[in-house]
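For the numbers below, each heavy atom of this structure counts, side chains included, while hydrogens, waters and symmetry mates do not.
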There are 2 protein chains.
Amino acid sequence: MRAYDHLLKYGIRPSAQRIAIMEYLLSHRSHPTSDEIFESLRGEIPTLSKTTVYNTLKYFTEKGVALSLNIDDKCARFDGYTHEHAHFLCEKCGRVIDLDMESSPKVSLLAGMEVNNMQVYLRGVCPECLKKKE
Amino acid sequence: MRAYDHLLKYGIRPSAQRIAIMEYLLSHRSHPTSDEIFESLRGEIPTLSKTTVYNTLKYFTEKGVALSLNIDDKCARFDGYTHEHAHFLCEKCGRVIDLDMESSPKVSLLAGMEVNNMQVYLRGVCPECLKKKE
DNA sequence: TTATAAATTTGTAATAATTACAAATGTGTA
DNA sequence: TACACATTTGTAATTATTACAAATTTATAA
């Protein structure tokens with residue numbers, strides 16, 4: 001019931017679809033795409049529509065219960081863990097990996113600027129792909 | 001001739017199209033999209049193709065003479081200034097603004113990980129749009 | 001110069017993520 | 001129960017980007 005409680009805590013009406021999507025995000029820390037979530041849940045919820053997945057993820061992002069990541073050129077990826085951390089995209093295998101931040105960047109803001117969100121993205125080759133290369 | 005020299009410095013053959021696109025990036029610090037560059041240059045180079053703009057910007061990014069920014073959900077934006085700095089997207093007007101970084105983020109890397117690139121993205125409302133609100 | 005190979009550019013057609021929209025369904029309340 | 005409102009659904013559009021092959025330009029060698 002953690003997904004259910006999580007949604008309530010963020011003021012989101014917990015429909016079956018929303019619970020399933022939230023549960024998926026909390027139990028899969030792979031930064032899934034809309035399509036991956038849709039394909040994984042359509043067995044469980046046969047009537048599920050791709051539009052619902054898109055709408056719901058957008059709503060989650062607005063409500064602050066999920067992050068929308070733009071690290072991947074092709075499509076958005078989503079993260080149910082919203083505490084401050086950085087993301088690494090492996091350019092070989094495409095995986096997105098969470099990285100802890102020892103210290104967040106200090107940025108010179110302009111006067112009278114409102115900041116709602118910060119993302120730190122790294123790109124390169126993950127340890128596994130580097131090993132395969134040899 | 002700064003665009004010309006810039007390309008040579010990065011080992012890029014300076015064709016007319018490449019010079020024009022590089023010159024555009026150096027003289028427009030607005031983080032233009034492929035389409036904005038294409039529309040601005042088609043007067044100057046009537047035969048210019050959109051595919052060329054895409055190919056060239058991808059090539060510039062690989063060669064390190066330009067940055068490809070994923071801060072905007074809709075499409076890639078490009079930056080001819082490659083020194084370390086952060087980017088801010090105004091969610092009202094859509095502008096992307098350069099911000100200096102006083103200190104870059106310290107991220108806990110995994111052992112045996114190769115990092116090629118880091119981006120810091122902020123989102124919010126720019127000073128001008130905040131003023132208009134009142 | 002001339003012939004040939006390589007690099008670059010171009011235009012068209014395909015791909016694929018995302019959104020618009022309106023109908024259908026579900027949920028809460030008087 | 002009846003009604004308003006929220007949510008979901010399916011289809012059709014939109015649009016950024018890429019694939020691809022032909023055309024053009026540029027460099028190289030005879």
Side-chain angles (χ1 to χ4, degrees), chain A residues 3-4 7-8 10-24 31-63 65-78 89 91 94 96, chain B residues 3-4 7-8 10-24 31-63 65-78 89 91 94 96:
Chain A
Y4 184 91
L7 293 179
L8 285 185
Y10 281 82
I12 297 170
R13 287 258 272 296
S15 69
Q17 289 86 340
R18 288 173 177 175
I19 292 168
I21 294 170
M22 190 73 247
E23 182 58 42
Y24 189 90
H31 314 89
T33 64
S34 288
D35 195 62
E36 282 165 2
I37 296 172
F38 172 69
E39 290 300 336
S40 299
L41 296 180
R42 62 191 309 187
E44 185 183 329
I45 306 173
T47 64
L48 186 64
S49 154
K50 203 172 260 193
T51 300
T52 299
V53 179
Y54 274 103
N55 289 344
T56 302
L57 290 168
K58 187 175 195 178
Y59 189 53
F60 282 4
T61 301
E62 285 162 11
K63 287 289 195 173
V65 73
L67 295 175
S68 174
L69 308 181
N70 283 136
I71 195 170
D72 189 333
D73 310 325
K74 296 186 212 291
C75 60
R77 288 166 165 276
F78 296 88
L89 172 72
E91 289 165 333
V96 174
Chain B
Y4 183 92
L7 293 179
L8 286 184
Y10 281 82
I12 297 170
R13 287 256 273 297
S15 69
Q17 289 87 341
R18 288 173 177 174
I19 292 169
I21 293 170
M22 189 74 247
E23 183 59 42
Y24 190 89
H31 315 89
T33 64
S34 288
D35 196 62
E36 282 165 2
I37 297 172
F38 173 70
E39 290 300 337
S40 297
L41 296 180
R42 64 191 309 188
E44 184 183 330
I45 307 175
T47 64
L48 187 64
S49 155
K50 205 172 256 193
T51 301
T52 298
V53 179
Y54 274 103
N55 290 343
T56 301
L57 289 168
K58 187 175 196 178
Y59 188 54
F60 282 4
T61 301
E62 285 162 11
K63 287 289 194 172
V65 74
L67 295 175
S68 174
L69 308 181
N70 283 134
I71 195 171
D72 189 334
D73 310 326
K74 297 187 214 288
C75 60
R77 288 167 166 277
F78 296 88
L89 173 71
E91 290 164 333
V96 174

Counting just side-chain N and O atoms, does A:T47 come under 4.0 Å of either OP1 or OP2 of D:dT9? yes
OP1 or OP2 of D:dT18 sitting under 4.0 Å from any side-chain N/O of B:Y54? no
Round to the nearest Å and state the distance from [X] atom [atom1] to [N] atom [atom2].
{"X": "B:L7", "N": "C:dT8", "atom1": "CG", "atom2": "C1'", "result": "14 Å"}
{"X": "A:N55", "N": "D:dG10", "atom1": "CG", "atom2": "P", "result": "13 Å"}
{"X": "A:E62", "N": "D:dT7", "atom1": "CD", "atom2": "P", "result": "12 Å"}
{"X": "A:K58", "N": "C:dT18", "atom1": "NZ", "atom2": "C1'", "result": "9 Å"}
{"X": "A:F60", "N": "D:dT8", "atom1": "CZ", "atom2": "C1'", "result": "13 Å"}
{"X": "B:N70", "N": "D:dA16", "atom1": "CG", "atom2": "C1'", "result": "12 Å"}
{"X": "B:I45", "N": "C:dT10", "atom1": "CD1", "atom2": "C1'", "result": "13 Å"}

Pair B:F60, B:L7 - check side chain to side chain contact (heavy atoms under 4.5 Å, CB included), show working. CA-CA 9 Å; B:F60 282 4; B:L7 293 179; 3.7 Å; yes
In the structure I gave you, are the side-chain heavy atoms of [X] and [Y] within less than 4.5 Å of one another anywhere?
{"X": "A:T56", "Y": "A:M22", "answer": "no"}
{"X": "B:K50", "Y": "B:D35", "answer": "yes"}
{"X": "A:L57", "Y": "A:I37", "answer": "yes"}
{"X": "A:D73", "Y": "B:N70", "answer": "yes"}
{"X": "B:N55", "Y": "B:K58", "answer": "no"}

Just to be sure I understand the geometry, which residues of residues 32-41 of chain A put a non-hydrogen atom under 4.0 Å away from DNA chain D? none
Could you check which residues of residues 11-18 of chain A get a heavy atom under 4.0 Å from DNA chain D? Sort them by number, please. A:R13, A:S15, A:Q17, A:R18
Might you work through the side chain to side chain contact (heavy atoms under 4.5 Å, CB included) test for B:F78 and B:S34, ending with a clear yes or no? CA-CA 8 Å; B:F78 296 88; B:S34 288; 3.7 Å; yes
Non-hydrogen atoms of A:K63 and A:Y10 that approach each other most closely: O-CD2, 3.5 Å
Return whichever of A:Y59 or A:T51 has its heavy-atom-nearest nucleotide of DNA chain D closer to the 5' end. A:Y59
What residues 71-78 of chain A contributes to the DNA chain C interface at heavy-atom separation below 4.0 Å is A:K74, A:C75, A:A76
Reported CD1-to-CD1 distance for the pair A:I45 and A:I19, which is rounded to 0.5 angstrom: 9.0 Å
Supply the atom-to-atom distance A:L69 CG to A:T61 OG1, rounded to the nearest 0.5 angstrom. 9.0 Å
With a 3.5 Å distance limit and no angle check, can you tell me whether A:R77 reaches the backbone of A:I71 through a side-chain donor-acceptor pair? no
